[in-house]
Protein chains: 2
Amino acid sequence: MSIQRCCPPKRVIKADYSEDAALFQALADENRLAIVASLAQADGEICVCDFTDCLPLNQPTVSHHLRILRESGLVTSERRGTWVYYSLAPDAKRRLQQSLRAIFEGDE
Amino acid sequence: MSIQRCCPPKRVIKADYSEDAALFQALADENRLAIVASLAQADGEICVCDFTDCLPLNQPTVSHHLRILRESGLVTSERRGTWVYYSLAPDAKRRLQQSLRAIFEGDE
DNA sequence: TTGTAATATCGAAATATGTCGATACAGCGG
DNA sequence: CCGCTGTATCGACATATTTCGATATTACAA
């Protein structure tokens, strides 16, 4: 009698999803989502001071979240004088949709 | 002389993104992404034993990740006999796309 | 009922993350 | 140069996460 298998051998994918995971990790915080949504819907840049004014976080914490978003490549920053302005990266939405496609449809 | 503002007052959004953040957090791990991608591309159920066989993780760790995905609602499970089979939730992709839209376009 | 296999849960360890106060840095005005 | 304001970094703390070994649970078979 042959060994019983629980199921026909399914392909468990062995691709490297670490970059996609890093992207989703950047979005895995409600305050960072509020920042990204504000940038997307403002359709332009927003000054750091507006985030520190409006978010329920202290200034170093806002700076910390902005750094994580900046390092993920989803947002960019530009200093003008004393102020620093953040914008959504032009390809932010496309990169996220691409990651979703990679997961759900196997695109790369 | 009036107080100088760094910029015209931009709307920093105060919506509650905690549910979207939870969804992205479920995807913020490369092993969980591999699980979701396998389920999506298998277009059907996959037995836990296949994950424990193929992922570079021990069995309790696989079970832990499956639980996180199950609790996020992105996957479902069904026991048949000794084995447990996991499937992608039918609305998984739609929920994620909806979250992306909520962030980038302000839909709710 | 007793044993075996598959999966889940528990408890602990290491690491990562979110948060903040204190401080450093950068740019501007005097 | 000095002081002020906006932003970033540092250090510390609490909490969360990932991982695993040990153990419990579930279902089946003898």
Side-chain angles (χ1 to χ4, degrees), chain A residues 1-10 12 17-18 21-36 45-72 75-87, chain B residues 1-10 12 17-18 21-36 45-72 75-87:
Chain A
M1 195 193 304
S2 66
I3 301 290
Q4 187 185 357
R5 287 282 298 157
C6 60
C7 48
K10 295 280 185 179
V12 172
Y17 289 105
S18 52
L23 214 51
F24 290 124
Q25 180 142 311
L27 298 186
D29 178 279
E30 57 180 330
N31 293 302
R32 289 199 291 273
L33 281 189
I35 291 173
V36 172
E45 54 193 17
I46 294 183
C47 181
V48 173
C49 64
D50 286 322
F51 293 123
T52 55
D53 284 354
C54 300
L55 292 178
L57 301 169
N58 286 19
Q59 180 268 324
T61 307
V62 171
S63 203
H64 167 74
H65 287 304
L66 288 170
R67 187 226 273 254
I68 287 177
L69 289 172
R70 192 171 2 102
E71 289 179 346
S72 78
V75 311
T76 59
S77 66
E78 183 192 341
R79 177 181 281 270
R80 284 204 300 278
T82 312
W83 296 287
V84 177
Y85 298 86
Y86 278 77
S87 304
Chain B
M1 195 195 300
S2 65
I3 301 290
Q4 186 184 358
R5 288 281 297 156
C6 60
C7 47
K10 295 279 184 178
V12 172
Y17 289 105
S18 53
L23 213 52
F24 290 124
Q25 178 138 308
L27 299 185
D29 178 280
E30 57 180 329
N31 294 302
R32 289 198 292 272
L33 280 189
I35 291 173
V36 172
E45 53 193 16
I46 295 183
C47 180
V48 172
C49 65
D50 286 323
F51 293 122
T52 55
D53 284 354
C54 299
L55 293 177
L57 301 169
N58 285 18
Q59 180 267 324
T61 307
V62 171
S63 201
H64 166 75
H65 287 303
L66 288 170
R67 187 226 273 253
I68 288 178
L69 289 172
R70 195 173 359 104
E71 289 178 345
S72 78
V75 310
T76 59
S77 66
E78 182 191 342
R79 176 181 282 271
R80 283 205 300 280
T82 313
W83 297 287
V84 177
Y85 298 85
Y86 278 77
S87 304

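Every chain is numbered from 1 and lettered A, B, ... according to where its sequence line falls, protein lines coming before strand lines.
Rounded to a whole Å, the CG atom of B/Leu55 is 14 Å from the P atom of D/dT18. Atom CG of B/Leu57 is separated from atom C1' of D/dC20 by 10 Å (rounded to the nearest Å). Across the protein-nucleic acid pair, B/Gln59 atom CD and D/dT25 atom P stand 15 Å apart, rounded to whole Å. The CZ atom of B/Arg80 sits 12 Å away from the P atom of D/dC28 (whole-angstrom rounding). In this structure, B/Arg79 places its CZ atom 5 Å from C1' of D/dT26, rounding to the nearest Å. Regarding B/Asn58, its CG atom lies at a distance of 15 Å from the C1' atom of C/dA13, rounded to whole Å. Whole-Å rounding puts the A/Arg32 CZ to C/dT19 C1' distance at 12 Å.
Sorted by residue number, the members of residues 60-72 of chain A with any non-hydrogen atom under 4.0 Å from DNA chain D read A/Pro60, A/Ser63, A/Arg67.
Between B/Tyr86 and the phosphate of C/dA8, there is a side-chain N or O to OP1/OP2 separation shorter than 4.0 Å. Contact annotation: A/Asn31 reaches the phosphate of C/dT19 (side-chain N/O to OP1 or OP2, under 4.0 Å).
Of the two residues contacting DNA chain C, namely A/Gln25 and A/Pro56, the nearest-nucleotide position lying further toward the 5' end is that of A/Gln25.
For the helix from C/dT1-D/dA30 to C/dG30-D/dC1, the end axes, each set by the C1' atoms of five terminal pairs, are bent relative to each other by 10° (nearest 10°).
For B/Cys47, taking side-chain heavy atoms from C-beta onward, the closest of the listed nucleotides C/dT7, D/dA8, D/dC20 is C/dT7.
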